[in-house]
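Predicted model, so just to flag it, every value in this text is computed and none were measured. Letters A, B, ... mirror the listed sequences (proteins, then strands); counts begin at 1.
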Number of protein chains: 2
Amino acid sequence: MVKLRDIAQQTGYSISTVSKALSGKGRMSDETRNNILSVAKSLGYTPDFYAKSMASKTKTFVLGLIVPDITNPFFAYLTRGVERACGEACLLVLMDSFRSLHREEQLIRAARFYGVNGIVVGNSRVNDELIDEISKYVPVVIFDKECKCDNVVSIVVDNYYGAYLATKHLVENGCKHIIHFGGTQELYVSLQRAQGYEAAIKESGLKSHIVRVGYAFDDGYKAAKKLLNERNQFDGAFCMNDLVALGVMKALKEEGRKVPEDAAIVGFDDDKQLCEVTVPSLSSVRQPVEMMGETAGKMLLELINGQSNTKKVIFSPSLVVRDSSARR
Amino acid sequence: MVKLRDIAQQTGYSISTVSKALSGKGRMSDETRNNILSVAKSLGYTPDFYAKSMASKTKTFVLGLIVPDITNPFFAYLTRGVERACGEACLLVLMDSFRSLHREEQLIRAARFYGVNGIVVGNSRVNDELIDEISKYVPVVIFDKECKCDNVVSIVVDNYYGAYLATKHLVENGCKHIIHFGGTQELYVSLQRAQGYEAAIKESGLKSHIVRVGYAFDDGYKAAKKLLNERNQFDGAFCMNDLVALGVMKALKEEGRKVPEDAAIVGFDDDKQLCEVTVPSLSSVRQPVEMMGETAGKMLLELINGQSNTKKVIFSPSLVVRDSSARR
DNA sequence: TCTTCTTGCGCAAACGTTTTCTCAAAATTA
DNA sequence: TAATTTTGAGAAAACGTTTGCGCAAGAAGA
C-alpha cells in the first residue's frame with residue numbers, strides 16, 4: 001500500500017505538505033500542489049481509512065449488524081431501519097450468517113475483534129452465554145429475542161398479541177373451525193403465536209386445533225393438503241407466517257375451496273411484496289420492522305454513549321385485513 | 001469516550017498492561033486482570049475501532065456497497081454475494097440510498113471521505129462524471145450498468161438475451177399475440193429487454209406490441225386491465241419484471257382469462273419468494289445475482305490490489321419455466 | 001533602507017491502540 | 001546459598017494520518 005511517505009519521497013516534499021496538498025487545506029504554490037497530485041495519482045495512492053479517522057477530529061462510529069439472511073425481507077427491513085438510525089454519524093457493517101449457527105457465533109466474536117463500537121444481533125439462535133460474554137466488551141442490542149443478560153437491550157414484538165388479534169378477527173368473521181398452522185417448538189416466536197391463538201379461541205368458546213408445521217411454503221401446502229384429503233374441514237386458518245399461509249391457500253384452491261368464501265386465511269409478518277401480490281391478497285399481522293430496526297440502532301447508540309437505562313422495548317403488531325379474510 | 005489511559009489512571013497500572021488485560025494476551029496475575037476488567041466495565045470502556053485497526057498488524061479492508069433499496073430482493077441477493085466475496089478478509093459497509101438520487105450522490109462522495117478501500121455501486125442512476133471523479137480516489141465496481149470510465153469495472157447481465165429467451169419460449173409455446181409490458185426509457189435495462197423482445201418477435205414473423213409501463217405491481221395490473229377492457233386480446237405476455245407480471249396475471253384472472261391456458265406469462269428477475277408462491281407459479285428469467293455480487297466483490301478486491309485487467313463481466317441469464325407458461 | 005506582511009513549506013505533536021523488549025522481583029531448582 | 005527460571009508489569013516504538021505552529025525568504029510599504 002502506497003502512503004503519504006512514498007509520495008513525499010518521490011516528490012521531495014514533506015509528509016505534511018503532501019497531506020495538505022491532497023486535502024486541499026494548506027498554503028502552497030499551484031506548482032507544488034499539482035506536482036504532488038499527479039505523483040499521488042500515478043502511484044495509485046489511497047488514504048488509509050483507519051489512520052485518517054484516527055488523526056482527524058471527527059470520529060465516525062461503526063455499528064455491526066448480524067442477520068441470519070439478508071434476502072429475507074424481514075431482515076432487509078430491519079437493516080434499513082438500523083441504517084436509518086445510523087444517519088450520517090455511523091457506518092453500518094452488515095454481516096450475514098447465512099443461517100449458520102456456527103458462522104453466527106464466529107461473527108459475534110469477530111465483531112468484538114474488529115472493534116466495532118456496538119452490534120445489533122437479529123433473531124439470534126446463539127445461547128445467552130456468548131451474548132453475555134461479548135456484551136462485556138461491546139454493547140449489544142438483540143432483536144426479536146428476549147435476553148436476560150445485563151447490558152443487553154432487547155427489541156421484541158408482542159407475538160402473543162398479534163396472534164390474538166388475527167384469531168379474534170377470524171372469529172368475528174364468523175369462522176367456526178379455525179386451525180392454527182405453526183407452533184413448532186424450535187422458535188420462541190412460534191410458541192408465543194400459538195399461545196395467542198389459544199387465548200382467542202378459548203375466549204370465543206371454539207375448539208383449538210393446532211397443526212405443527214415448519215415455516216416454508218411447502219410446509220403449509222402439505223399440511224393443509226393432508227388435512228383436506230382426510231376430510232378435515234376448516235373455515236379459518238391462522239398461519240405462523242405468510243409463506244405458510246400461501247401454501248395453505250394453494251392447497252385450498254386445488255381442492256376446490258374458495259378463499260375467503262369457504263375459508264378465511266390470515267398470515268403473519270405482512271411481507272408486502274408477498275401479501276399484496278397474490279390473488280386473493282393475503283391478510284396478515286404486521287410488525288413495524290423498519291421502525292423496530294431504527295429503534296434498535298438508536299438504543300445501541302445510547303448504549304455506546306452510556307446513557308441507556310432501557311432493558312427491553314416491546315412493539316405492538318397490527319392486523320392488516322386484505323381479501324383473504326374479507327367479511328363474508 | 002473512555003480510553004485505555006483512563007483505565008490505567010483509575011487502576012494505577014500502565015496503558016500497556018491494561019491493553020493486555022483486555023485482549024487477554026499478556027502475562028499478569030488474575031487479580032490484576034480482574035481488577036482492570038471490572039474497572040473497564042464500570043467505566044463503560046469501548047475500544048476505538050480506528051486506533052485498534054491502525055495499531056494491529058492485520059489490516060482489514062473495508063468495502064462499501066451502495067444499493068438503492070435493500071428491501072428489494074435483487075439487491076439483497078447482490079449484497080449477499082458481495083458479502084460472500086468479503087469472507088473473513090473484509091468488512092462490508094452497507095449504504096442504502098433509499099432510492100434517492102441525491103442521497104446516492106452523497107453516499108458515493110462520503111464513501112471517499114470515510115476512506116473505505118473500494119466501493120460497489122449497485123444499479124446506479126448517478127451520472128458518469130461523479131463515478132469518474134470518485135474512481136480517481138477509490139476503486140469502483142459498478143453493478144448492472146455500463147460505465148465508460150477508466151479504472152471502473154462493470155458487472156452486467158445480458159438483458160437482451162434474457163428477453164430474447166423469454167419471448168422465444170412464448171413463441172414456441174404457440175402464442176400468436178405476445179405483448180411486452182415494459183420498455184420505459186428511464187432505465188437502461190428496460191431498453192435492452194425491449195430490444196431482446198423485438199428481436200425474438202421479428203424472428204418469428206409475429207407482430208411486436210410494446211406497452212410502456214413502470215416497474216410496480218399496479219403498473220402491470222392497470223395496463224393489462226385497460227388493454228382487456230378495450231378488447232385488446234393477447235395470448236402471451238413478457239413482462240419487464242416479476243411484479244409487473246403478477247399485476248398482469250391478476251388482471252387476466254379478473255377478466256376471466258385462464259393462465260396459462262388463455263394467456264401465458266413470463267416475468268423477469270426470478271424472485272423466488274414471489275414466483276414459486278403464486279398460483280399459478282410464475283415463469284421468469286433468472287439472473288445469477290448472488291454470483292454476480294460475489295464477482296463484483298472479487299473484482300473490487302483485485303482492483304484494490306492493483307491486479308485487475310478486466311473492464312467488464314457479462315453474465316448470461318437463463319429461463320425458469322413454471323406453470324404460468326406451461327406448454328398447452 | 002528598514003520595517004512589516006505574505007508566501008511556501010517543514011517540524012513535531014497528537015490520535016488510541018498493539019506489541020516487542022526489558023527488567024526487577026519472586027519462585028524454583030541445584 | 002547460589003544459580004536459574006518464571007512471573008508481573010512497564011517503557012517505548014510503531015501504525016499513517018492531520019494540523020498548529022514556526023520560520024526563512026521574498027514582496028510590499030514607509
Under 3.5 Å, sequence neighbours excluded: what are the donor-acceptor pairs made by side chains of residues 15-22 of chain B?
unit_1 : atom_1 : unit_2 : atom_2 : d
B:S16  : OG     : B:S14  : OG     : 3.1
B:T17  : OG1    : B:S14  : OG     : 3.1

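- Rounded to an integer number of Å, the gap from CG of A:L4 to C1' of D:dT18 is 9 Å.
- The interatomic distance linking A:I15 (CD1) with C:dC11 (P) rounds to 10 Å, in whole Å.
- Rounded to whole angstrom, the span from the OH atom of B:Y45 across to the C1' atom of C:dG16 amounts to 8 Å.
- Looking at residues 28-36 of chain B, you'll see B:M28, B:S29, B:T32 sit with a heavy atom under 4.0 Å from some atom of DNA chain D.
- Using a 4.5 Å heavy-atom threshold, the side chains of B:F75 and B:N123 count as touching.
- Within the structure, a side-chain polar atom (N or O) of A:K25 is placed less than 4.0 Å from OP1 or OP2 of D:dT19.
- Of the candidate nucleotides D:dG16, C:dC15, C:dT18, C:dT18 has the atom nearest to the side chain of B:S56.
- What separates CG of A:D48 from P of D:dG16 is a distance of 7 Å, to the nearest Å.
- One atom, CE of A:M54, and another, P of C:dT18, lie 11 Å apart when rounded to the nearest Å.
- The phosphate of C:dC9 has neither OP1 nor OP2 within less than 4.0 Å of any side-chain N or O from A:T17.
- To the nearest angstrom, C1' of C:dG10 lies 17 Å from CZ of A:R5.
- For the pair A:D6 CG and D:dT17 C1', the computed distance is 13 Å after rounding to whole Å.
- Counting only residues at least two apart or on different chains, no salt bridge (charged side-chain N to carboxylate O under 4.0 Å, His left out) pair has a member in residues 32-41 of chain B.
- No hydrogens or angles were tested; on distance alone, a donor-acceptor pair under 3.5 Å links the side chain of A:S16 to the base of C:dC11.
- Among the nucleotides D:dG10, D:dG22, C:dT19, the one closest to any side-chain atom of B:S19 is C:dT19.
- C:dG16 atom P lies 13 Å from atom CD of B:Q9, rounded to whole Å.
- With C:dC15, D:dA11, C:dC9 as the choices, the nucleotide that has an atom nearest any side-chain atom of A:Y13 turns out to be C:dC9.
- B:D132 and B:K148 are not joined by a salt bridge, as no carboxylate oxygen comes within less than 4.0 angstrom of a charged side-chain nitrogen.
- In terms of the side chain to side chain donor-acceptor pair (under 3.5 Å) criterion, residue partners of A:T32 (sequence neighbours excluded) are, by chain and number, A:Y13, A:S29.
- Qualifying side chain to side chain donor-acceptor pair (under 3.5 Å) partners for A:N159, counting only residues two or more places apart in sequence or in other chains: A:Q192, A:R193.
- Every residue was checked against the side chain to side chain donor-acceptor pair (under 3.5 Å) condition with B:T79, not counting sequence neighbours, and none meets it.
- Contact annotation: side chain of A:K20 to base of C:dG10, donor-acceptor pair present below 3.5 Å.
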